[in-house]
Amino acid sequence: MTLTPEQKAQAIHLIEIGEKLEAVRYLQNLLSLTAEQALALTEKLEAEVEDGPDLKQEFLKKSKEMQRSGIKLSRIVGGIFMSIGIIMVVVSIYLIYSHQQFEKKAIVVTGKVVDFETYISTGDNSSTTMYRPVFEYAYKGKTYTYPSTGSPSSKGFEIGEPVEIYINPDQPEDVLVNSFMEKWFLPMLLAIMGTAFAGMGYLAVRLLGRS
């Protein structure tokens with residue numbers, strides 16, 4: 001009464017779907033057994049099924065473990081994104097505050113654009129020429145130059161164009177050009193990116209973590 005793995009699997013399948021009588025008939029015809037022998041073998045296989053591991057429960061257990069791991073990972077990733085976003089927003093607020101404090105103690109002079117520093121910014125199969133304006137200003141009989149911190153893809157200024165410049169009277173090299181690019185571009189960029197990062201992190205923690 002030796003069963004091949006395939007024959008045993010077929011008999012167990014009939015038992016698992018509630019067709020015990022069909023399993024008895026299957027074994028009786030397959031192995032040329034009497035009804036009593038086929039029934040005894042079927043009950044033996046049935047006992048093996050009941051005593052063996054519950055595959056469904058094991059599957060559910062593994063699924064829950066994977067789900068918990070996914071929730072934990074989503075919370076970690078979400079927390080990282082939220083932290084990065086909050087840092088960006090804090091830096092943005094700090095830059096705005098520092099500019100305001102600088103303007104309070106600075107003196108204002110009129111400078112002008114004297115040159116543009118150019119470089120090529122490469123991206124996805126494309127390249128863009130970036131322009132960094134160079135400003136010139138005079139303070140207490142001495143002339144200074146200041147290269148812009150921003151590099152837009154268009155010039156934005158004309159050579160010789162006058163610009164308003166805030167100067168630290170104690171350190172004339174420490175300046176702030178009164179233009180959108182110099183004063184507001186970086187704080188606004190950080191604020192927008194920080195809000196986006198924090199929002200994505202929040203969604204990851206609340207929605208993915210909850211699911």
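Below, each value reflects all heavy atoms present in this structure, side chains not excepted, and no hydrogens, waters or symmetry copies.
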After noting the C-alpha distance and the side-chain angles of Ile107 and Tyr166, does the key distance pass the side-chain contact (heavy atoms from CB on, under 4.5 Å) rule? CA-CA 6 Å; Ile107 63 173; Tyr166 293 92; over 6 Å; no
Working for side-chain contact (heavy atoms from CB on, under 4.5 Å), residues Glu117 and Met130: CA-CA 8 Å; Glu117 296 178 354; Met130 310 300 289; over 6 Å; no
Test ring-ring contact (aromatic ring centres under 6.0 Å, His included) applied to Phe135 and Tyr144, step by step: CA-CA 8 Å; Phe135 303 98; Tyr144 301 87; over 10 Å; no
Could you check Tyr119 against Thr129 for side-chain contact (heavy atoms from CB on, under 4.5 Å), going step by step and ending with a plain yes or no? CA-CA 6 Å; Tyr119 65 94; Thr129 301; over 6 Å; no
Could you go step by step and tell me if Ile167 and Asp174 meet the side-chain contact (heavy atoms from CB on, under 4.5 Å) rule? CA-CA 6 Å; Ile167 300 176; Asp174 186 12; over 6 Å; no
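Here the closest non-hydrogen pair linking Ala11 and Leu45 is CB-CD1, 3.8 Å. The nearest pair of heavy atoms linking Ser92 to Met188 is OG-N, 4.5 Å. Scanning all heavy atoms of the two residues, the minimum distance from Ala35 to Val24 falls at O-CG1, 4.3 Å. Contact detail for Pro169 and Lys105: the closest heavy-atom pair is CD-O, 3.5 Å. The minimum heavy-atom distance linking Glu161 with Gly156 is given by the pair OE1-O, 4.3 Å.
Listed for the Gln37 side chain is a donor-acceptor partner under 3.5 Å among the backbone atoms of Thr34. Under a 3.5 Å cut-off, the side chain of Glu22 and the backbone N or O of Glu19 do not form any donor-acceptor pair. Side-chain atoms of Thr195 come within 3.5 Å of backbone N or O of Ala191 as a donor-acceptor pair.
Ionic pairing of Lys112 and Glu158 is not present here: no N-O contact between side-chain nitrogen and carboxylate oxygen is shorter than 4.0 angstrom.
Taken from NZ in Lys8 to CG in Leu41, the straight-line distance is 9.5 Å, to the nearest 0.5 Å. Considering CG of Leu186 and CE of Met181, their distance stands at 10.5 Å, rounded to 0.5 Å. Note that the CD atom of Glu46 and the OG1 atom of Thr42 stand 8.5 Å from one another [nearest 0.5 Å]. Atom CZ of Phe197 sits about 5.5 Å away from atom CZ of Phe81, to the nearest 0.5 Å. From Leu39, atom CG reaches atom CZ of Arg25 across 12.5 Å, with rounding to the nearest 0.5 Å. From Ile120, atom CD1 reaches atom OG1 of Thr118 across 6.5 Å, with rounding to the nearest 0.5 Å.
Residue Ile93 is not grouped with residue Leu189 when hydrophobic side chains (ILVMFWY) are merged at heavy-atom distances under 4.5 angstrom, including chains of intermediate members. Phe102 and Ile96 fall into different hydrophobic clusters, where Ile, Leu, Val, Met, Phe, Trp and Tyr are joined by side-chain heavy atoms under 4.5 Å apart, directly or via other members. Both Ile87 and Leu95 are members of a single hydrophobic cluster when ILVMFWY side chains are connected at heavy-atom separations under 4.5 Å. Linking ILVMFWY residues whenever their side-chain heavy atoms come closer than 4.5 Å, directly or via other members, places Tyr139 and Val175 in the same cluster. Follow the hydrophobic side-chain contacts under 4.5 Å out from Ile159 and you reach Val163 in the same cluster.
The environment of Met193 atom CE is sparse: at most 12 non-hydrogen atoms of other residues, nucleotides or ligands sit within 6.0 angstrom. Counting heavy-atom neighbours within 6.0 Å of Phe180 CZ, excluding the residue itself, gives a total above 12. Crowding of Tyr202 atom OH: a count of heavy atoms from other residues, nucleotides or ligands under 6.0 Å not exceeding 12.
Tyr146 and Glu182 share a side-chain donor-acceptor pair at under 3.5 Å.
The only option from Val177, Thr110, Ile165 that meets the side chain to side chain contact (heavy atoms under 4.5 Å, CB included) definition with Tyr137 turns out to be Ile165.
Inter-residue side-chain proximity for Phe157 and Tyr131 is flagged as unmet; no heavy-atom pair is nearer than 4.5 Å. Looking only at side-chain heavy atoms (C-beta outward), Glu103 and Lys183 come within less than 4.5 Å of each other.
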